[in-house]
Amino acid sequence: MTTPRKERTGVLLSRAAALIVVVTVVGLLPWLSGRDPALSVLRARSAEQEPTEEALRAIREQLGLESGPVTLLGDWFGAVVRGDLGRSWVSGGEVLPSVLSGLGVSLALMGAALFLALVLACALCARTLIRGAGGTLDTSGGGGTGAPAAALAALPEFLIATLLMVALSAWLGWFPPYGWQEPRHLVLPALALGIPAGGLLGRLAEDALPAVFAERWVELWRSSGCTPGRIGRAALRRALPAVLPQLGLVAVGLTGGAVAVETVFAVPGIGRTALGAAESQDLPLLQGSVLALVLLGLLAGLIAQTARRWMLGPGLRDASLSLPARRPARAGRLRVAVPVACAVLLVVVIGWGLLLDPLYVDTAARLGAPGGAHPLGTDALGRDVLARVGHGAATTVGIAVLVCLGSYLLAMIVGFLPALASGASETANAVPPVIAGILVAAVLGPGSLGASIAVALVSWPALAAHAAALVQETRAAGHLTAQRAIGSPPRWILLHHLLPAVAGPVARHAVLRLPGIALALASLGFLGLGAQPPAPEWGLTLSESLPYVERAPWAVLTPAAMLLLLAMLAVSLSTLPAPAAGRGPIARVRARALRPERSTAR
């Protein structure tokens, strides 16, 4: 049996391994990509200079590229220990000041976003807390569903940033759309990062509180005359240790989301610096930026674990505080109608758009408003927006289905090796999806293949953890012990008991994550790391129309609305209760695994 101390040590080792793997991959990027790094540096320094052999040889000698990747990576590791991140291959300046400058901006942005997230989380779970403290909360499963919090948690940061820019900057003019000169520039980026993080924390807290109020001590305190305020504070303290570990995942989401948000609002943070360094193949600056981003996530996770141990105290520090699972409520008509309505609307718009040509250019109708000829208007090149949205579904949703299938198959393989599943999941969870996209795009180049691999790398851990939990639970079941006792062969047990018990629930879990995978692919397309022009991919279409948001908001809002429908579909499916028949230990494991830990689009 694994002790809590060994488990914590394993988590720290896996996250340290993630840091080493990420930095090593970054150090080997010029050689992994198959492109000549000297040529990339020459073009970044001067696009007009002729790439002669003499010029390329001079750059190789200056940067020490002739010594090979292993020597160069070893020298970089040694310099990092001394506090030296080297010099930029493009500008020639020291990397450390640039990283510290971008890190300071990102820390200010993430701090404001985390504050807003905590305020939003408190607001989302306030009703449940007040009703539970007053004794009016139905703790049998009929309480709050957490749908509003889950809806906010499912929205990708780049989509929220786009909608905020359209509504509060382009239409109302309340806040500036770009820059980082005054406190007003902080508001929109902090909201874009804080809203999904607050939705995630609020969902987890709202899900944990009813189980706390169902415990016997609450009724004892209430019968003893304790005030609702005191009961509420005690219940909140009881539920917080189960939520605090998720702050590490929220921090990972903030670091990944910061890349997209800083790009949208032109914020000179560490995420935008990393993206620019990847595009110019400025290896030292990219290494320093990625190192800073991953360290932010690791540090936040360590702080969250420390806070949890402090709140539990010495007596409960090593105890398991898993709260009892809530019994699911029956699905009402509205909760069933929402996913059906979202799916029907998506099918109608996509089917209509597939009848039109997404690549036909009508220069006379550039940025045209919606009308009879173009029901949803045209973009900056005069292409029909409805046609691009319809055909873009094949790229966005079609590839998401393939990624989901690949993640499911990998999770089923890894899930039967619980030790490997735990360590690999922790390692993958320490890397934000956008960072994986930057690294894969630097190796394979921007495109749908690289984006698919990047999203797949961070999509399978949750499924693998679910599969591993089901495997462990099923192997410990009494009927399998009896099967072994009567001499049933392991292969027969695997095919007739283990696989049926694991394959179905994990497959349903994978289907629930399908819209989130599509949103993650769209976010990479939005950053230029996924599908390339003229492909009608939703994220790319949104990115191409963003500079014209003031003149043609419909070109931005249409792909944003499609992504929003996908998010609503994911939320409505995830909040549907499990079938009534699934009330056994396997169903409880499935319910715990399906609780949202991190949004795939960040």
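Any value given below was found using the heavy atoms of this structure, including those in side chains, with hydrogens, waters and symmetry copies removed.
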For this session: Count the heavy atoms belonging to other residues, nucleotides or ligands that lie under 6.0 Å from CH2 of Trp180, then report whether that count exceeds 12.
Result: yes
Problem set entry | Exceeds 12 heavy-atom contacts within 6.0 angstrom, atom OH of Tyr178 | yes
Looking at [Y], is its backbone amide N or carbonyl O close enough to the side chain of [X] to form a donor-acceptor pair, meaning the two atoms are under 3.5 Å apart?
X: Glu262; Y: Arg272; answer: yes
X: Thr273; Y: Gly269; answer: yes
X: Thr378; Y: Ala365; answer: yes
X: Thr396; Y: Trp538; answer: yes

Roughly how far, to the nearest 0.5 Å, is [atom2] of [Y] from [atom1] of [X]?
X: Arg388; Y: Leu540; atom1: CZ; atom2: CG; answer: 7.0 Å
X: Ser169; Y: Arg184; atom1: OG; atom2: CZ; answer: 9.0 Å
X: Arg366; Y: Arg383; atom1: CZ; atom2: CZ; answer: 11.0 Å
X: Leu96; Y: Arg87; atom1: CG; atom2: CZ; answer: 11.5 Å
X: Phe526; Y: Thr263; atom1: CZ; atom2: OG1; answer: 7.5 Å
X: Ser523; Y: Leu542; atom1: OG; atom2: CG; answer: 11.0 Å

For this session: Decide side-chain contact (heavy atoms from CB on, under 4.5 Å) for Val105 and Ile270; before the verdict, give the C-alpha distance in whole Å, the side-chain angles of both, and the deciding distance to 0.1 Å.
Result: CA-CA 7 Å; Val105 173; Ile270 192 66; over 6 Å; no
For this session: Using side-chain contact (heavy atoms from CB on, under 4.5 Å) as the criterion, point out the one residue from Val261, Val264, Leu191 that pairs with Leu164.
Result: Leu191
